[in-house]
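To keep things clear, I will list the structure first and then write my remarks on it.
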Protein chains: 2
Amino acid sequence: MESVAQQRLRESIRDIPDFPKPGIVFRDITTLLQDPDRFREALALIEERWKGEGVEVIAGIEARGFIFGAALADRLGCPFVPIRKAGKLPAETVAMSYELEYGTDSIEMHADAFREGARILIVDDLLATGGTAAAAAKLVEETGGEVVGLAFVVNLAFLPGASKLEKYRTQYLVEYDSE
Amino acid sequence: MESVAQQRLRESIRDIPDFPKPGIVFRDITTLLQDPDRFREALALIEERWKGEGVEVIAGIEARGFIFGAALADRLGCPFVPIRKAGKLPAETVAMSYELEYGTDSIEMHADAFREGARILIVDDLLATGGTAAAAAKLVEETGGEVVGLAFVVNLAFLPGASKLEKYRTQYLVEYDSE
C-alpha cells in the first residue's frame with residue numbers, strides 16, 4: 001500500500017514512451033527533481049528508512065545515483081563514494097562486470113574508498129534488470145564493505161531486478177507493476 | 001588569499017599523476033567526498049556565496065556536477081536540472097556543441113527544464129578548458145534561463161577555462177596555478 005508521499009512521488013515521475021527504444025516506457029525522474037518538495041520528500045523517505053541502521057558510507061551509482069546519493073550523504077553526514085563506469089576513476093580501482101542483454105559491462109570503485117568493515121548504503125534512482133545494482137553490491141563486499149542495503153527511487157517490478165537482490169535489504173519508493 | 005576552509009579543501013583533494021594520460025595531474029575530488037566535513041564545507045561555501053542572489057534552479061553538469069549540484073539543490077530547496085551528455089535525457093531536449101582538442105562534443109538539457117526567465121546557478125566539480133561549462137551557460141540562455149553564475153570546486157587556473165566564462169560571475173573554491 002502506497003503512502004500519500006509515495007503517491008505524490010509517483011505523480012511527479014513522467015512517462016516517456018519509446019525511450020530509449022520502441023516499446024519501452026521510460027520512467028523519467030527529472031520531473032521529480034524539478035519539484036524541490038518531491039526531491040526532498042524522496043530524500044526524507046530514504047533517510048528515515050535507514051537512519052537507525054548505522055549507515056557509515058553512501059555509495060551512489062553513476063550517474064543518477066549521484067543525485068540522490070550525494071544529497072543523502074550531505075544529510076546524514078556520511079562519506080559519499082561514487083561507483084562509476086569503467087575507466088572514469090583515477091586512482092586504483094576494483095572492478096565488477098555484469099551481463100547485459102548482449103555482452104557485458106563493468107563498474108568500478110576506488111580500492112581505498114572506505115575502511116574494511118564499513119557499513120554501506122547503495123543508492124540509485126531506478127532498479128530495472130538489476131545487473132548494475134547486484135554488481136555494485138558485490139563490488140562493495142569484495143572491497144571489504146558490508147552492504148546495509150540498497151535504496152532506489154523506482155523499481156520496475158515487472159523486471160527481475162529485485163530477485164537479484166534477495167539477499168539484501170532494499171527500499172523502493174515507487175514501484176511499477178507493468179510497463 | 002585562501003581561507004582556512006579553502007586550504008582544508010585543497011588538502012582533501014588528491015593528486016593522481018598521469019591520469020587520464022601521461023603528463024596530466026588529475027585533481028581527484030573523491031577524497032574530498034570521503035570526508036563528510038569537507039564535502040559539507042564545500043557545499044556551505046557555495047551556498048553562502050549565492051544565497052542572496054535569488055537562485056531559483058540549480059543545474060548540474062554530468063557526472064560529478066550532479067554530486068555537488070544535487071546536494072546544493074536540497075539545501076537551497078531549489079529544483080535540480082541535470083545537464084547531460086547527448087542521448088541520455090528521455091524527453092525533448094535542447095543541445096549545445098563545443099569543441100574538444102580533436103573534434104566536437106555536445107551536451108543536452110530538457111527543453112522544459114525550467115520556466116522562461118528562471119535564475120540558474122550552474123554547478124560542476126572542476127573547470128579545465130571551459131568548453132563544457134561555456135556550452136552549459138549558453139544552453140541555459142538559449143532555453144530562456146538567466147545564468148546567475150557558475151560554481152566550481154576546482155579551477156585549473158593554468159588552463160583557459162575562466163577566460164571563457166568572463167561574462168559570468170564565477171566561484172572557484174580551490175585554484176591550481178600549475179599542473
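Here is the naming used below: chain letters follow the sequence lines, and residue numbers restart at 1 for every chain.
Contacts of A:Asp112 with chain B are made by both backbone and side-chain atoms, with heavy-atom separations under 4.5 Å. Of the two parts of A:Arg84, only the side chain, counted from C-beta on, holds a non-hydrogen atom closer than 4.5 Å to a non-hydrogen atom of chain B. Both the backbone and the side chain of A:Pro90 have a heavy atom closer than 4.5 Å to some heavy atom of chain B. With a 4.5 angstrom heavy-atom cutoff, A:Gln34 touches chain B via backbone and side-chain atoms both. Neither the backbone nor the side chain of A:Leu32 comes within contact range of chain B; no heavy atom of the residue lies under 4.5 Å from a heavy atom of that chain. Of the atoms belonging to A:Ile67, heavy atoms from both backbone and side chain fall under 4.5 Å from chain B. Proximity to chain B involves both the backbone and the side chain of A:Phe80, based on heavy atoms less than 4.5 angstrom apart. Interface residue B:Leu43: only side-chain heavy atoms are found under 4.5 Å from chain A.
Using a 4.5 Å heavy-atom cutoff, the side chains of B:Leu33 and A:Pro79 are not in contact. Using a 4.5 Å cut-off on side-chain heavy atoms (C-beta onward), B:His110 and A:Asp28 make contact. Taking 4.5 Å as the limit, some side-chain heavy atom of B:Leu89 sits within range of a side-chain heavy atom of A:Thr30.
Taking CZ of B:Arg75 as the start and CG of A:Asp74 as the end, the distance is 4.0 Å to the nearest 0.5 Å. Distance check, rounded to the nearest 0.5 Å: CD of A:Glu62 to CZ of B:Arg64 gives 9.0 Å.
With chain A as the partner, the residue from B:Arg40, B:Arg14, B:Arg38 showing the most heavy-atom pairs under 4.5 Å is B:Arg40. Ranked by heavy-atom pairs under 4.5 Å with chain A, the first of B:Ala113, B:Gly87, B:Pro20 is B:Ala113.
Annotation for B:Glu141: atom CD counts as buried by contact number, over 12 foreign heavy atoms lying within 6.0 Å. A 6.0 Å sphere centred on NZ of B:Lys164 holds more than 12 heavy atoms belonging to other residues, nucleotides or ligands. For B:Glu2, the CD atom is densely surrounded, since the number of other residues' heavy atoms within 6.0 Å is greater than 12. Residue B:Glu142 qualifies as open at atom CD: its count of foreign heavy atoms under 6.0 Å is 12 or below.
Both A:Val153 and A:Leu72 belong to a common hydrophobic cluster when Ile, Leu, Val, Met, Phe, Trp and Tyr are linked at side-chain heavy-atom distances under 4.5 angstrom. Taking hydrophobic clusters as Ile, Leu, Val, Met, Phe, Trp and Tyr residues chained together by side-chain heavy-atom distances below 4.5 Å, A:Tyr172 does not share a cluster with A:Phe26. Both A:Leu173 and A:Leu76 sit in one connected hydrophobic cluster of ILVMFWY residues. Membership requires side-chain heavy atoms under 4.5 Å apart, directly or through other members. Residue A:Phe68 is grouped with residue A:Leu121 when hydrophobic side chains (ILVMFWY) are merged at heavy-atom distances under 4.5 angstrom, including chains of intermediate members. Under the 4.5 Å side-chain heavy-atom criterion for Ile, Leu, Val, Met, Phe, Trp and Tyr, A:Phe19 and A:Ile13 are members of distinct hydrophobic clusters.
The minimum heavy-atom distance linking A:Phe39 with B:Ala73 is given by the pair CE2-CB, 4.4 Å. Of all heavy-atom pairs spanning A:Ala70 and B:Ala71, the tightest one is O-CB, 4.1 Å.
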